[in-house]
Each structure stands twice: as structure tokens, then as C-alpha cells.
Amino acid sequence: RRYGVVHRGRAYLFTGLAEKEMFFADPDEFSPVLAGLDPVELSENGKANQGRRAHGVVYRQRVYLFSSEDNLSRFWEEPERFAAPIRQAMEAGDLNRLFR
């Protein structure tokens, strides 16, 4: 807990100060997109369902988590359909627009 931080509502624990500082310099680079919410559920159903590591993938150097194997498969059918709006919102610093 001594080297922990909260980013986008999630707690991250580190083994030392150097690791904590590296994370804190650019936390979005190291944490799952959308704080681990399933981008397929959000995009298709407007639901903020938590993804699971069991259904996680790395796409374009970012971690994406999905709530089901089906949603992971849907993502791989058209990854840019889901990833591009997230990237654009992150670059604009406006992730809130994804939840509208």
C-alpha cells in the first residue's frame, strides 16, 4: 500500500517508488483502456461492464479487457471499430464522451 495509487477508480500497487513514479508519469500507458471496462459492451449496449483478465488482449500496445469470450471475439472481428474511438477520446482527454 505504501507505493499504491488510484487511477481512474482503480488501485495499482507497486514494489517500489521508482515503479510508482514510472506509472504515474503516464498511467494510461500501463493501465487497461477504459479502466478495464469492456469496450464492446460500452459501444454496442451502452453498458459499463467490467472486463476480466481471462478475456484480455494487447492490441496496438494497449491492454483491452472483455467481460466474455464472445465480446473478445467481436473485438477481433473489427478491432479498430472499438479501439479508434477510445484512442481519439484519450488523445482529446475526454473519456467522458464515451459514456454519453
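Scope of the values below: all heavy atoms of this structure, side chains included, with no hydrogens, waters or symmetry mates.
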Group every Ile, Leu, Val, Met, Phe, Trp and Tyr by side-chain heavy-atom contacts under 4.5 Å, then state whether Val57 and Leu37 land in the same group. yes

Should Val5 and Tyr3 be counted in the same cluster of Ile, Leu, Val, Met, Phe, Trp and Tyr side chains packed under 4.5 Å apart? yes

Is it true that a side-chain atom of Asp38 and a backbone atom of Ser67 form a donor plus acceptor pair closer than 3.5 Å? yes

Scan the side chains in residues 58-66 for donor-acceptor partners under 3.5 Å anywhere in the protein, sequence neighbours excluded, and list what turns up.
from	atom 1	to	atom 2	distance (Å)
Tyr59	OH	Glu80	OE2	2.7
Arg60	NH1	Glu80	OE2	3.3
Arg62	NE	Asp28	O	3.4
Arg62	NH1	Asp28	O	3.3
Arg62	NH2	Asp28	O	2.2
Arg62	NH2	Ser31	O	2.8

Under the side-chain contact (heavy atoms from CB on, under 4.5 Å) test, which residues partner Ser68, sequence neighbours left out? Asp70, Asn71

Sorted by chain and residue number, the side-chain contact (heavy atoms from CB on, under 4.5 Å) partners of Ala54 (sequence neighbours excluded) come out as Arg52

For Asn45, what residues pass the side-chain contact (heavy atoms from CB on, under 4.5 Å) criterion, not counting sequence neighbours? Glu41, Lys47

Which pairs of donor and acceptor atoms, one on a side chain in residues 17-25, lie under 3.5 Å apart (sequence neighbours left out)?
from	atom 1	to	atom 2	distance (Å)
Glu19	OE1	Gly16	N	3.2

By salt bridge (Lys or Arg N to Asp or Glu O under 4.0 Å) - contacts of Glu69 (at least two apart): none

Non-hydrogen side-chain atoms of Phe82 and Val40 separated by less than 4.5 Å: yes

